[in-house]
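These figures come from a predicted structure and were not determined experimentally.
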Amino acid sequence: MGAGAFPAGSERRRTAVLFEVWAPDAGRVALQWAGDRSAEPAVPLAREAGRAGWWRAEAPARHGDRYAFRIDGGPPRPDPRAARLPDGPGGPGAVVEHGRFAWRHPWPGRPLPGAVLYELHIGTFTPEGTFDAAAARLGHLAGLGITHVSLMPVCPFPGTHGWGYDGIAPWAVHEPYGGPDGLKRFVDAAHGHGLGVVLDVVHNHLGPSGNHLPEFGPYFTGTHHTPWGAAVNLDAPGSDEVRRYLVGSALGWLRDYRVDGLRLDAVHALHDGRARHFLAELSAAVDALAGHLRRPLFLVAESDLNDPRTTAPRTNGGHGLHAQWNDDFHHALHTALTGESHGYYADFARAPLAALAKTLTGGFFHDGSYSGFRGRAHGAPLDLRATPPYRLLGYAQTHDQIGNRALGDRLTAHLSPGLLACGAALVACAPFTPMLFMGEEWGARTPWQYFTDHTDPELAEAVRAGRRREFAAQEGGAAAKGGGPAADWPDPQDPATRDRCVLDWTEPAAAPHAALLAWYRTLLALRRDHPALTDPDPARTRVTYDEEARWLLLRRGPLALAVNLAATGTAAVPVAGAARTAAARTPAFRALAGWPEPRLPDGDGVLRLAAESVTVVEAAVDVDVAE
């Protein structure tokens, strides 16, 4: 529906509203009323002159009126651009007047440089699983030092509970979460706490349940295929309108819901052979909207391509996205902390500290190097002078890296508090934009498992069987380390699977969680207060390490972060040789933070760290630890 401006008070009286839909192969299209207007006659739409394939009609309507479209006399189908599906996927849409929402907090925006993101799933962040319940917890995130909340997808999907990546309506909001107004209340509350909001959107596929887009037009193509079936049509006949459909959806989140950025799911699955890639078209539109709204907006890609073109400027032949997730950093950190070497971890596990050092200083580990997991060379070098490191997101855990394990086990299930503290420090002090996964900050013991609520029995069984095949294929990892037989693996359709993933909000105040939470607050305060930790100059980041002794030293200008990942023994970490102040042989450093307590280098500039511990020190003015 393309609705014009509603006059004040239109929620009480009906005014003329423009309804339009793209249906290029239809012989006739009608607007079918639903809900309390279901007895009213259908309204025929007319072909729109000058817009091939478009149909339109004006009809009296008000906020909340339910409607659908009928193609060539077929059954009622939801508007592909419906902003609300009150009855869920496949049901009629509802008219939404965005202008009627009363925003409380003026918001100038919050840019990506200097940000700390927090990935959050609305359905399990609280027991209630709603926008309003999540909004009530935002004070915790603001106090932690978070700058942006990164929401997992909120478009409608089958049932009540799910991850959200099988959504079917990229213009609408999941009704059980609170619908469009619920999302607006959440964003407004976040802005009131000084928090930006990033929304995860899925353009590479749509879920099958309730998906009637093929009845309207060529939204999908058999030219390409994805792990989820036929690809979204970005380059076949009819793709111009499909691209506009997705761009329009993206701009709507940023404009109508005042979201600050979008996370683009699996952009490597966007198959587009056109000269101008869809991502470049989208980034240009977002940049133009940012200029119009006069507030910063940004796009963050999830990509496993290690392709510098993803974030390279459009003027240089790139796609112009503002940032991308850096799975290479995650994999290197994960193997260094856990010792796991199965699957894609194998490439990093051969020398995990070397891999970690390479990502910290170069961004990508696979930059054209051979990937044994893929059986070929992978990636290309990333010039961190042209793409500053903050345009890569660094993290120790994400919904994918936890949830795609057989048991959905977090790092908490395997690591000591000391190693958790080391991992947190490396994320917070890395040159990348840090991102936490909800509950990570207190070492949540609740798992994060894959769960669905499909109402179609055949689809539910297909999902259940598919996950079992994936778990069985895992070599090592959770499936082999105590995971038990397939019968013990969590059933995605069992409501208990979702319930056990809900965060336990009694944990943060209890031992040992409270100490880890305090550590995260300390680290994020350091990042906020020390410019060296947000310095975009890659030359100011240096790394030294000892693979056998398992220590690593990360130097960011005058700051030095040292970790000892060994299970036993003291590590002797040379921080700055024999650097001293001019006064009587005292070390020229001050301790900023440490787990279990801060340490200082001795008179020879050597920092002696106990097993599974970490310290951050700052050099005096006359000492440069980055030399």
### Message
Are the side chains of Q493 and H454 in contact, using a 4.5 Å heavy-atom criterion?
### Response
yes
#### Entry: Min side-chain heavy-atom separation L206-Y219 under 4.5 Å
no
### Query
Are the side chain of E302 and the backbone N or O of D265 linked by a donor-acceptor pair below 3.5 Å?
no
### Query
Okay, side chain of T446, backbone of L503: is any donor-acceptor separation there less than 3.5 Å?
no
### Summary
Nearest heavy-atom contact between A61 and V95 is CB-CG2, 4.3 Å
### Counterpart residues, ring-ring contact (aromatic ring centres under 6.0 Å, His included), relative to H399 (two or more places apart)
W163, Y165
### Query
Which atoms form the tightest heavy-atom contact between H212 and P78, and what is the distance?
CD2-CD, 3.9 Å
### Query
Would V187 and F131 satisfy side chain to side chain contact (heavy atoms under 4.5 Å, CB included), going step by step from the backbone distance to the final call?
CA-CA 9 Å; V187 173; F131 291 122; over 6 Å; no
### Test item: H148 side-chain N/O and V197 main-chain N/O as donor-acceptor pair under 3.5 Å
no
### Query
Would you say the side chain of S209 lies within less than 4.5 Å of the side chain of D166, judging by non-hydrogen atoms?
no
### Task
Classify the side-chain pair W442/E507 by whether it contains a donor and acceptor separated by less than 3.5 Å.
yes
#### Entry: Test side chain to side chain contact (heavy atoms under 4.5 Å, CB included) applied to L151 and V259, L183, V201, the passing residue
L183
### Reference residue Y395; test side chain to side chain contact (heavy atoms under 4.5 Å, CB included); the match among T433, L117, D327
D327
### Task
Take R77 and I71 through the side chain to side chain contact (heavy atoms under 4.5 Å, CB included) test and state the conclusion after the steps.
CA-CA 8 Å; R77 298 305 190 201; I71 307 295; 5.7 Å; no
### Message
Side chains of D409 and P447, heavy atoms from C-beta outward: is any pair under 4.5 Å?
### Response
no
### Task
List the atom of L45, the atom of L31, and the distance in Å for their closest heavy-atom pair.
CD1-N, 3.5 Å
### Query
So do Y118 and L195 actually touch side chain to side chain, heavy atoms under 4.5 Å?
no
### Summary
residues 278-298 vs salt bridge (charged side-chain N to carboxylate O under 4.0 Å, His left out), sequence neighbours excluded, gives R243-E281, D260-R295, D287-R314
### Query
Taking only residues two or more places apart in sequence, or in another chain, which ones meet Y520 in a ring-ring contact (aromatic ring centres under 6.0 Å, His included)?
none
## Note on the structure
One should read off an interatomic distance between E97 CD and T15 OG1, to the nearest 0.5 angstrom, of 8.0 Å
### Task
Mark yes or no for whether T452, through its side chain, and G162, through its backbone, hold a donor-acceptor pair below 3.5 Å.
no
### Polar side-chain atom of N211 near backbone of L213 as donor-acceptor pair, under 3.5 Å
yes
### Task
Answer yes when E119 and R263 have at least one side-chain N-carboxylate O distance shorter than 4.0 Å, and no when they do not.
no
### Query
Checking H161 side chain against D499 main chain: does a donor-acceptor pair fall under 3.5 Å?
no
### Query
Can you say whether the rings of W107 and H191 are parallel (under 30°), tilted (30 to 60°) or perpendicular (over 60°)?
parallel
### Task
Nearest 0.5 Å please: distance from the OG atom of S283 over to the CG atom of L262.
12.0 Å
### Side-chain heavy-atom pair L279, L264 within 4.5 angstrom cut-off
yes
### Query
Do W103 and Y257 have ring centres separated by under 6.0 Å?
no
### Query
Any donor and acceptor pair, going by atom type alone, linking the side chain of R391 with main-chain N or O of H322 inside 3.5 Å?
yes
### Task
Determine, using ring centers only, whether W55 and F216 are less than 6.0 Å apart.
no
#### Entry: Criterion side chain to side chain contact (heavy atoms under 4.5 Å, CB included) on L144 and L517, from CA distance to verdict
CA-CA 8 Å; L144 177 61; L517 178 58; 4.0 Å; yes
## Note on the structure
In terms of heavy-atom contacts, A142 and H193 come closest through CB-O, 3.9 Å
### Task
Return each pair, listed once, that meets salt bridge (charged side-chain N to carboxylate O under 4.0 Å, His left out) where at least one residue sits in residues 171-182; pairs must be two or more places apart or across chains.
R84-E175, R100-D181
### Task
Taking D256 for its side chain and H98 for its backbone only, find out whether a donor-acceptor pair lies under 3.5 Å.
no
### Query
Distance from Q397 atom CD to M435 atom CE, nearest 0.5 Å?
10.5 Å
#### Entry: Those residues that, when tested against D235, pass side chain to side chain donor-acceptor pair (under 3.5 Å) (two or more places apart)
H224
### Query
Ignoring hydrogens and geometry, is there a side-chain-to-backbone donor-acceptor pair from N233 to P218 under 3.5 Å?
yes
### Side-chain heavy atoms of W448 within contact of C501, under 4.5 Å
yes
### Task
Look only at the side chain of S249 and the backbone of P170, and say whether a donor-acceptor pair between them is shorter than 3.5 Å.
yes
### Message
Please report the interatomic distance NE2(H174) to OG1(T160), rounded to the nearest 0.5 Å.
### Response
6.0 Å
#### Entry: Pairwise side-chain contact, F220 with P214, heavy-atom cut-off 4.5 Å (strictly under)
yes
### Task
Verify the ring-centre separation between F451 and H121: is it less than 6.0 angstrom?
yes
### Query
Can we say R258 and D188 salt-bridge, meaning some charged N sits less than 4.0 Å from an Asp/Glu carboxylate O?
no
### Message
On a heavy-atom basis, which atom in A323 and which in L393 lie closest, and how many Å separate them?
### Response
CB-CD1, 4.0 Å
### Message
Give me each pair satisfying salt bridge (charged side-chain N to carboxylate O under 4.0 Å, His left out) with a member in residues 436-457, each pair once, sequence neighbours excluded.
### Response
none
### Summary
Taking every heavy atom of L523 against every heavy atom of A428, the minimum-distance pair comes out as CB-CB, 3.8 Å
### Message
What verdict does the side chain to side chain contact (heavy atoms under 4.5 Å, CB included) test give for W22 and R51, after you've listed the backbone C-alpha separation in whole Å, the side-chain angles of each residue and the deciding distance to 0.1 Å?
### Response
CA-CA 9 Å; W22 180 61; R51 293 179 75 197; over 6 Å; no
### Task
In sequence, state the C-alpha distance, the side-chain angles, and the governing distance for H140 and F125, and then conclude on ring pair (Phe, Tyr, Trp, His ring centres under 6.0 Å).
CA-CA 12 Å; H140 164 80; F125 189 60; 7.7 Å; no
### Message
Distance check, rounded to the nearest 0.5 Å: H271 atom NE2 versus H277 atom NE2?
### Response
9.5 Å
### Message
So, taking the atom named OH in Y390 and the one named OG1 in T534, what distance separates them when rounded to the nearest 0.5 Å?
### Response
11.0 Å
